[in-house]
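Following: one structure in structure tokens, then a few remarks.
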Number of protein chains: 2
Amino acid sequence: MVTIKDIAKHAGVSVATVSYVLNNTRYVSPQRRERVLQAVEELNYVPNAVARGLRARNTKTLGLVLSDITNPFFPDLAKGCEDAAQAAGFSLVMLNTNEQRERIINAVLQIREGKVDGLIIASAVKQDLGILQELVLEGYPIVLAHRRIQDLQVDSVVADNFQGVTSAVRYFISLGHTRIAMFTGVDETSVNMERKEGFIKAMTDAGLPIRQEWMCNTLGDYQLAYNASANLMRLPWEERPTAVVCMNDMVALGVMDAVEDRGYQVPADMAVIGFDDLFFAGTQRIQLTSVRIPRYEIGQQAARLIIDRIQRTKTMEPMEIVLPTQLVVRKTSGDGIYR
Amino acid sequence: MVTIKDIAKHAGVSVATVSYVLNNTRYVSPQRRERVLQAVEELNYVPNAVARGLRARNTKTLGLVLSDITNPFFPDLAKGCEDAAQAAGFSLVMLNTNEQRERIINAVLQIREGKVDGLIIASAVKQDLGILQELVLEGYPIVLAHRRIQDLQVDSVVADNFQGVTSAVRYFISLGHTRIAMFTGVDETSVNMERKEGFIKAMTDAGLPIRQEWMCNTLGDYQLAYNASANLMRLPWEERPTAVVCMNDMVALGVMDAVEDRGYQVPADMAVIGFDDLFFAGTQRIQLTSVRIPRYEIGQQAARLIIDRIQRTKTMEPMEIVLPTQLVVRKTSGDGIYR
DNA sequence: CTGAAAGCGCTAACAA
DNA sequence: TTGTTAGCGCTTTCAG
């Protein structure tokens with residue numbers, strides 16, 4: 001391994017000078033500068049980031065904590081983070097928690113060990129409050145992405161879930177629906193809460209009843225949604241909703257498959273709106289109406305925010321960025337009520 | 001920040017002793033050990049990984065270089081890497097190249113800077129040969145995952161693409177097809193080459209002709225596949241293939257959509273087999289027959305291999321791990337020829 | 001304008 | 001059985 005010493009020797013200058021030309025951090029005479037640059041070139045020298053990091057007490061690395069990169073929601077968010085990080089000269093380490101407590105503890109350890117300068121947390125659940133609170137109090141840079149936590153004073157970047165679900169409900173209502181169901185997701189997340197509450201609010205505002213048996217908890221899972229939907233379709237028509245707002249596109253797909261497997265039609269017998277607008281929602285044979293979440297932007301802004309926070313010396317108030325959602329209308333929401 | 005010195009002082013021992021108990025690297029009397037542990041507890045001490053890394057000349061971090069985490073092929077592979085890395089106490093940094101030269105150069109820089117101990121490269125194309133060759137010669141640990149590069153003497157973990165495409169072609173033949181097309185992908189990759197060559201071999205072995213106009217290059221893209229497929233469907237029946245092997249499931253979806261948009265049926269008018277077996281392939285309304293690639297295992301084995309290589313002192317011959325594929329038969333491949 | 005040297009936090013060789 | 005200390009590669013203060 002070639003070090004700064006080798007360069008100094010080879011160029012006939014001190015290590016200080018080498019460092020100064022490399023970092024452009026004080027004047028060095030053209031001749032010496034040239035000699036240094038040439039030595040760097042000849043010996044193919046690259047400064048060691050670890051040594052640098054030890055001095056500078058940073059690593060130019062961010063940690064992205066998510067539950068599961070395999071969940072199609074996250075890759076876009078991760079990419080947003082990575083692009084923003086890269087643009088600022090930061091690397092991004094990926095930390096899947098698989099929703100396991102042990103894994104989130106390990107993630108948090110990374111910042112204490114100094115392996116990362118900040119943490120972007122996209123998997124926050126209520127239970128993490130304590131562990132994160134501690135981190136925040138100790139002054140570690142943290143930002144919550146996508147999911148936030150009540151009572152945690154910290155930067156966050158989230159989608160406007162309230163607006164998103166409201167637009168879905170209103171759209172159904174504009175089509176003439178009055179019996180609208182909601183298939184909810186993982187209970188402990190802010191995302192689920194906000195969408196659920198938004199649903200209830202929108203329904204109530206429109207003077208429409210909330211039927212408990214139409215509020216199905218699917219944990220965001222295709223199969224559970226399939227089952228719940230199949231159950232719903234067994235009810236007589238008057239007992240069934242005519243439309244359903246789904247926690248995500250997987251759930252929506254589960255509903256659609258169950259409806260059609262029981263011989264009914266989407267949207268005629270059951271209109272469906274999903275959430276997230278994943279790739280497949282736009283394909284010819286799915287054509288799922290869905291509330292688009294700006295996943296990439298969430299990741300990007302979160303990374304920018306935390307980098308800003310890391311580089312800024314004085315502290316500032318935690319800020320909350322809320323990004324707009326958009327209802328993307330396709331076929332599964334239908335043109336109106338059919339009977 | 002609390003350092004080893006603080007612990008030493010607080011426990012009334014030397015820093016060496018602290019280090020020794022923390023790493024269990026030489027005998028320390030029970031009393032002193034206890035005092036140290038207690039100090040660690042009280043001051044909430046966590047050893048600094050950067051300082052450690054500087055000494056040890058490693059970072060316990062792996063770099064995963066891929067073209068685009070947003071491509072649904074990669075998240076599983078990434079997760080396999082992460083799980084294996086985590087199990088061995090390594091972190092994983094994600095490096096999206098977006099197929100840009102500048103980005104791969106940056107990725108390679110990471111290892112030279114000492115930010116990562118090894119690189120798992122899942123985005124290798126022919127053009128990278130030079131840059132990677134150099135790295136290998138300098139002795140940096142590298143493993144190729146999914147895609148390999150000809151003439152590069154280095155560990156690799158890939159799927160048996162040859163076997164995969166052969167099973168697809170044979171299956172079509174067993175169903176009575178003789179006019180079989182192939183929709184290929186990105187030219188520069190080993191994956192594409194192997195599947196293409198495998199296709200040609202399997203067809204030739206069966207005495208079936210290869211029609212150049214049925215070998216469509218789609219770059220693995222849904223839309224391009226859609227267009228190419230639409231063109232094919234404009235031909236009179238005798239000029240059309242009755243079945244098509246697709247480079248990946250996106251391409252297969254594009255074909256299916258185009259076929260049906262032109263008023264034809266899958267599999268009756270066109271039987272389809274995809275590659276990768278992504279999530280949506282298994283859903284009710286897609287039911288795509290597809291060649292499953294063990295994505296998670298590829299990532300997992302690649303990470304294990306490189307960790308092994310990093311930790312082993314003496315060098316060993318580069319090894320190549322080839323994992324089996326599996327044809328998952330669903331609806332789109334049909335039961336046989338229909339007219 | 002340039003260099004010597006301290007020191008970032010840790011490990012481990014050497015000494016006692 | 002334990003402590004002292006050099007040194008990992010780099011930046012930056014201090015002195016010249």
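In the text below, chain A, chain B and the rest are named by the order of the sequence lines, each starting its count at 1.
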Roughly how many Å is it from [atom1] in [X] to [atom2] in [N], rounded to a whole number?
{"X": "A:Asn48", "N": "C:dC8", "atom1": "CG", "atom2": "P", "answer": "18 Å"}
{"X": "A:Gln31", "N": "C:dC1", "atom1": "CD", "atom2": "P", "answer": "10 Å"}
{"X": "A:Asn23", "N": "D:dT13", "atom1": "CG", "atom2": "C1'", "answer": "15 Å"}
{"X": "A:Arg55", "N": "C:dA6", "atom1": "CZ", "atom2": "C1'", "answer": "9 Å"}
{"X": "B:Arg57", "N": "C:dA12", "atom1": "CZ", "atom2": "C1'", "answer": "14 Å"}
{"X": "B:Lys5", "N": "D:dT4", "atom1": "NZ", "atom2": "P", "answer": "12 Å"}
{"X": "A:Lys9", "N": "D:dC10", "atom1": "NZ", "atom2": "P", "answer": "14 Å"}
{"X": "B:Asn58", "N": "D:dC8", "atom1": "CG", "atom2": "C1'", "answer": "12 Å"}

Counting distance only, does the side-chain N/O of [X] pair as donor-acceptor with the main-chain N or O of [Y] below 3.5 Å?
{"X": "B:Ser190", "Y": "B:Arg148", "value": "yes"}
{"X": "A:Asp117", "Y": "A:Thr59", "value": "yes"}
{"X": "B:Asp155", "Y": "B:Met319", "value": "yes"}

Regarding A:Val50, tell me which of base, sugar-phosphate or nothing describes its non-hydrogen contacts under 4.0 Å with the strands shown.
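The residue A:Val50 makes no contact with any strand.
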Under-4.0 Å side-chain N/O to phosphate OP1/OP2 contact, A:Ser19 with D:dT12:
no
[X] has a side chain; which of [options] sits nearest to it?
{"X": "B:Arg26", "options": "D:dG3, D:dC10, C:dG9", "value": "D:dG3"}
{"X": "B:Ile4", "options": "C:dC10, C:dT2, D:dC10", "value": "C:dC10"}
{"X": "B:Ser29", "options": "D:dG3, D:dT1, C:dG9", "value": "D:dT1"}
{"X": "A:Leu54", "options": "D:dC14, C:dA5, C:dC8", "value": "C:dC8"}
{"X": "A:Ser14", "options": "C:dA4, D:dT4, C:dC10", "value": "C:dA4"}
{"X": "A:Tyr20", "options": "C:dC10, D:dT13, D:dT2", "value": "D:dT13"}
{"X": "B:Ala51", "options": "D:dT4, C:dG9, C:dT2", "value": "C:dG9"}
{"X": "B:Arg32", "options": "D:dG3, D:dT5, D:dT12", "value": "D:dG3"}

Is B:Asp187 salt-bridged to B:Lys126, cutoff N-O under 4.0 Å?
no
Answer yes or no: is there a side-chain heavy-atom contact under 4.5 Å between B:Ile4 and B:Tyr45?
yes
Are A:Lys60 and A:Ser91 side-chain neighbours, meaning at least one heavy-atom pair lies under 4.5 Å?
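Counting from C-beta outward, A:Lys60 and A:Ser91 never come under 4.5 Å.
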Tell me the closest heavy-atom pair linking A:Ala122 and A:Leu66, and the distance in Å.
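Here A:Ala122 and A:Leu66 meet closest at CB-CB, 4.4 Å.
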Given the options B:Ile111, B:Leu132, B:Leu144, B:Leu119 meets side chain to side chain contact (heavy atoms under 4.5 Å, CB included) only with B:Ile111
Axis deviation across the helix from C:dC1-D:dG16 to C:dA16-D:dT1, five-pair ends, to the nearest 10°:
50°
With DNA chain D as reference, determine whether B:Pro30 or A:Val15 sits nearer its 5' end, using the nearest nucleotide of each.
B:Pro30
